[in-house]
Structures are given as structure tokens and as C-alpha cells.
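Labels below follow one simple rule: chain letters A, B, ... track the order of the sequence lines, proteins then strands, and each chain is numbered from 1.
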2 protein chains.
Amino acid sequence: MAGLTAPLLGLEKKSLREQALSALRTAITSGELEPGRHLVETELSEMLQISRGTLREALRQLEQEGLLSAGPRGRLSVRHLDEKEIRDIYAVRAALESLAARTLCELADRQHVTKSLHQAIDVMAAGASGSLEERIESDLEFHRTLCRLTGNETLLHSWESLEGSIRMSIMFAGLEKGVRNMSVDRHRDIVAAIDTGDAALARKTILEHMDTAAANLVA
Amino acid sequence: MAGLTAPLLGLEKKSLREQALSALRTAITSGELEPGRHLVETELSEMLQISRGTLREALRQLEQEGLLSAGPRGRLSVRHLDEKEIRDIYAVRAALESLAARTLCELADRQHVTKSLHQAIDVMAAGASGSLEERIESDLEFHRTLCRLTGNETLLHSWESLEGSIRMSIMFAGLEKGVRNMSVDRHRDIVAAIDTGDAALARKTILEHMDTAAANLVA
DNA sequence: TTACTCCCGACTGTAAACAGTCGACTTATG
DNA sequence: CATAAGTCGACTGTTTACAGTCGGGAGTAA
């Protein structure tokens with residue numbers, strides 16, 4: 001006699017705040033809200049059909065994720081990235097992911113790890129002819145999985161906090177540039193390096209991957 | 001005829017939200033709000049003499065900093081750290097700060113960098129006989145400076161997002177354990193390594209510092 | 001006693017209203 | 001015409017009020 005209503009099974013109904021958060025993130029990383037644009041709370045709350053209070057909570061979070069920058073007197077605007085900032089973001093990303101790679105090498109059952117990673121790559125391979133957005137999505141999913149599999153919640157959380165900035169970097173540079181980094185082979189190399197259990201090699205592989213990724217974006 | 005009022009000079013008046021944020025952060029990292037404790041919005045808003053709306057914005061930020069964890073139906077509680085989580089936090093911290101060290105080595109004028117760092121160490125040395133809290137404070141200031149001097153805003157921001165967790169780690173382990181890591185000499189070693197410009201050495205020095213720091217905490 | 005129902009209290013989610021401040025435009029004045 | 005004072009409008013900061021929901025305890029029937 002259960003819920004014909006909605007929040008069936010694992011599908012939790014999200015709060016308006018979370019919905020707004022997703023909507024805004026998408027709007028920003030898709031370029032719909034162009035960089036430098038001033039955000040007006042009353043405007044947005046009206047667009048999203050939510051109250052300002054609820055909206056403001058979401059904005060605070062986006063601000064902390066680095067998607068928004070605060071001007072004088074709390075005026076928010078969509079963050080603008082220049083090439084240096086993109087390189088900076090990728091430097092931090094590289095630091096985090098190289099930690100992930102090293103950690104995975106020292107893990108007990110790398111069987112499970114490499115299996116999950118191969119799956120993620122298979123998804124990428126399957127969508128290799130899909131839209132740019134889809135390819136980017138599956139790429140990010142691979143790297144997120146890399147962090148998640150370490151079991152280090154703090155690492156995963158830090159990476160996810162950076163995710164918005166990463167997306168903005170790709171958007172900024174242009175999707176056609178970003179997609180250069182989606183090579184399936186390069187990702188297989190990473191997994192192979194982890195598979196050997198050689199932490200130094202895995203770290204080196206990731207760092208190189210990130211280096212070329214950043215170079216591709218700002219080139 | 002200027003302001004006898006208050007917001008004189010560079011001293012900006014903080015919003016209630018920011019005040020609440022600081023107050024809560026301090027309360028949590030000092031242990032006044034013990035780990036695992038459930039937070040009730042109406043209680044806190046009354047304690048801090050602010051409205052719930054304003055409070056909630058601060059809570060969202062603390063949540064994202066990892067000081068609070070969300071239970072079912074939005075119930076917030078002070079995060080509880082076990083030894084593994086402390087190690088995880090320090091692993092991420094090490095990754096970030098080793099990036100900082102490497103970056104500083106590649107910087108143009110390391111003169112300025114080492115000068116600033118030496119200043120920060122001098123502050124530590126001056127307060128070496130002060131209270132535990134003060135010593136911890138000056139230690140964190142040194143490491144924050146390390147990140148700030150890189151000029152990589154994203155790096156600094158990531159580190160600061162982690163700062164709350166770092167403070168909790170020290171608090172959790174006990175201040176007397178945390179203070180073991182405040183050795184002035186060890187910090188001088190770090191600066192010396194950066195001063196040589198040898199990125200690999202600097203990275204190694206920081207990683208070892210963080211390793212022993214984490215070990216001291218969970219030992 | 002046990003189990004079941006119903007009601008009440010406690011919290012969070014959300015919305016709407018109020019207050020203060022800064023900037024831009026207008027107007028008056030030399 | 002240029003400059004200064006004044007007024008209006010737009011936003012953010014903050015508070016207050018309302019709605020929905022979950023959990024627990026009182027009460028009741030088997």
C-alpha cells in the first residue's frame with residue numbers, strides 16, 4: 001500500500017535548495033550564465049521559483065566551490081577564469097589525483113579497483129562518438145571514481161569541491177579543446193600504472209596526464 | 001570628522017553571517033560543541049542572537065568545510081573523526097602543501113618567499129612558550145602562508161577549506177599531541193629546502209613533516 | 001502485557017516582509 | 001557649463017511567520 005506518491009525506492013526527493021544548486025551549477029558550467037555576469041538574488045529566485053532565503057543557501061555553496069566570486073557588498077558574479085587560473089586549478093587537481101593514484105597502489109584488493117576503473121573507461125569508450133558534453137561527463141566520472149575508490153572521504157570531497165572549477169575550465173577553454181583530453185588510451189595507461197602497484201609510476205602517469213590536459217586547455 | 005563609529009580603516013564590519021561562522025568554527029574546533037552533538041537551528045540561532053535564516057547560511061558553509069555532517073532529514077551534527085579520517089585528512093593536506101612547496105621552488109623571487117616564511121617562523125619562535133592554542137595558531141599561519149605565497153588562489157582556497165578539519169584533527173587527538181608538531185627547527189628545514197630551489201627536496205621535506213605530524217596525532 | 005492508533009511537540013523547509021545602503025540620476029546653484 | 005546636494009530605485013542583509021513531516025508517548029482494545 002506504499003507510496004504511489006514519489007520518493008520511491010532510493011530516489012530521495014531533493015530539497016529545493018539542492019535542485020537550485022544543480023540548476024545553477026549547470027547554468028554556470030554550461031555558459032548559460034556567462035562569466036562575469038552579476039547575479040541578482042531576486043531575479044534568480046524568481047527564475048527558479050524559489051524564495052530568496054533558499055536561494056541564498058545555494059549561492060553560499062556555489063561561492064565556496066569557486067563558481068561565484070563576491071564583489072563589494074555581497075554582490076555575486078560568475079567567476080571569470082584566465083589562463084593562469086586554469087593552470088592553477090589543474091595543478092591542484094593533479095596534486096589530488098596523484099594522491100589518489102598513489103593511495104590506490106597501496107590498497108589491499110586492487111582487483112576491485114582496476115575492475116571499477118575499467119568499467120568507467122568502458123563507459124567512456126562506449127560514448128566516444130557521443131556528444132561533447134557526454135564525453136566530458138564520462139571523463140569526469142572516471143576521475144571522480146579514481147578518488148572515490150581510495151576510500152578517503154576527505155580526498156573525494158576536496159576533488160568534488162574542485163569539480164565545478166574544472167568544468168568551468170573546460171567550458172572556458174572551449175569544449176573542443178577539452179575533449180582532446182578524453183583519450184581512452186591515456187586513461188587505460190593510468191589504470192595500467194595503478195595495476196602494477198608502482199606508486200611512483202602511477203603518480204608520474206597522472207601528473208603527465210594532467211600536465212597535457214592543462215596544456216591542451218590553455219593552448 | 002570621520003567615523004568615530006566603527007568600521008575604521010581596513011577593519012571592515014563583518015556581517016552577522018560571518019560572525020556566526022567564526023563563532024561556530026571556534027566552538028567546534030575548541031570542543032565546546034562536542035563531536036557527534038546534534039545541532040538544533042532554533043537553539044543555535046537563539047544562542048548567537050541571530051535569525052535562523054542567517055544561521056542556516058553559515059551552517060551550509062560549515063557543512064561544506066566538513067565540520068558538520070548531515071543526517072537524515074537535514075539534521076546536522078558535529079562531525080566525528082576517527083584515526084583513519086585524521087590520517088586521510090593529513091594525506092590530503094600533505095598533497096596540497098607539497099604542491100605549494102614545489103610551486104614555491106619554481107617561483108621567480110624566492111627572496112621574498114623565504115623572507116615571509118622566516119617571519120612566520122619567528123612568530124612561532126616568539127610564542128614557543130605561549131599557550132598551546134597560540135602555538136597551534138602560529139603553526140597553522142605558517143602553513144597557510146606557504147600556500148598563499150604560491151599565488152595559486154585555488155590552492156589556498158582548498159587548503160583553507162581543509163583548515164577546519166585540520167583543527168578538528170588536532171583537537172581530537174589532544175592539544176598536547178598536536179603541539180609535538182610545532183618544532184621550529186622542522187619548519188626551518190622546510191624553508192631551507194625551498195630556499196635551495198630543489199623542488200624534489202622541498203616536496204620530500206614537506207611530506208615527511210606531514211607524515212610525522214599525522215603519526216604524532218594518531219599515536 | 002502487547003500491539004496499534006492517534007495526537008502532540010519538535011525541527012527543518014520555505015516563503016514573505018522589513019531595513020539599511022549604495023549608486024545613479026536629477027535638480028538647483030554658482 | 002560645472003559642481004554639489006538631494007531624491008529615487010535597486011539590492012543585499014536580516015528577521016519573522018507559516019507549512020510539512022517525523023518521532024514519541026498516551027491511550028485503548030485484544
**Q** A:Q19: which residues meet the side-chain contact (heavy atoms from CB on, under 4.5 Å) condition with it, sequence neighbours left out?
**A** A:K14, A:L16
**Q** Sugar-phosphate means primed atoms, P, OP1 and OP2; the rest is base. With that split, encode nucleotides 7-18 of chain C 5' to 3' as B, S or - using protein heavy atoms under 4.0 Å.
**A** ----SBBBB-B-
**Q** Check side-chain hydrogen bond (donor to acceptor under 3.5 Å, both in side chains) between B:E63 and all other residues, then give those that pass, not counting sequence neighbours.
**A** B:R60
**Q** Just jot down the side-chain hydrogen bond (donor to acceptor under 3.5 Å, both in side chains) partners of B:D139, sequence neighbours excluded, or say none.
**A** B:H143, B:H187
**Q** In whole Å, what is the span from the CG atom of A:L55 to the P atom of D:dT14?
**A** 16 Å
**Q** Going by the rule ring-ring contact (aromatic ring centres under 6.0 Å, His included), which residues pair with B:H112 if we only count those two or more places apart in sequence or in a different chain?
**A** none
**Q** Going by salt bridge (charged side-chain N to carboxylate O under 4.0 Å, His left out), name the pairs with one or both residues in residues 108-122 of chain B, residues two or more places apart or in two chains.
**A** B:D122-B:R188
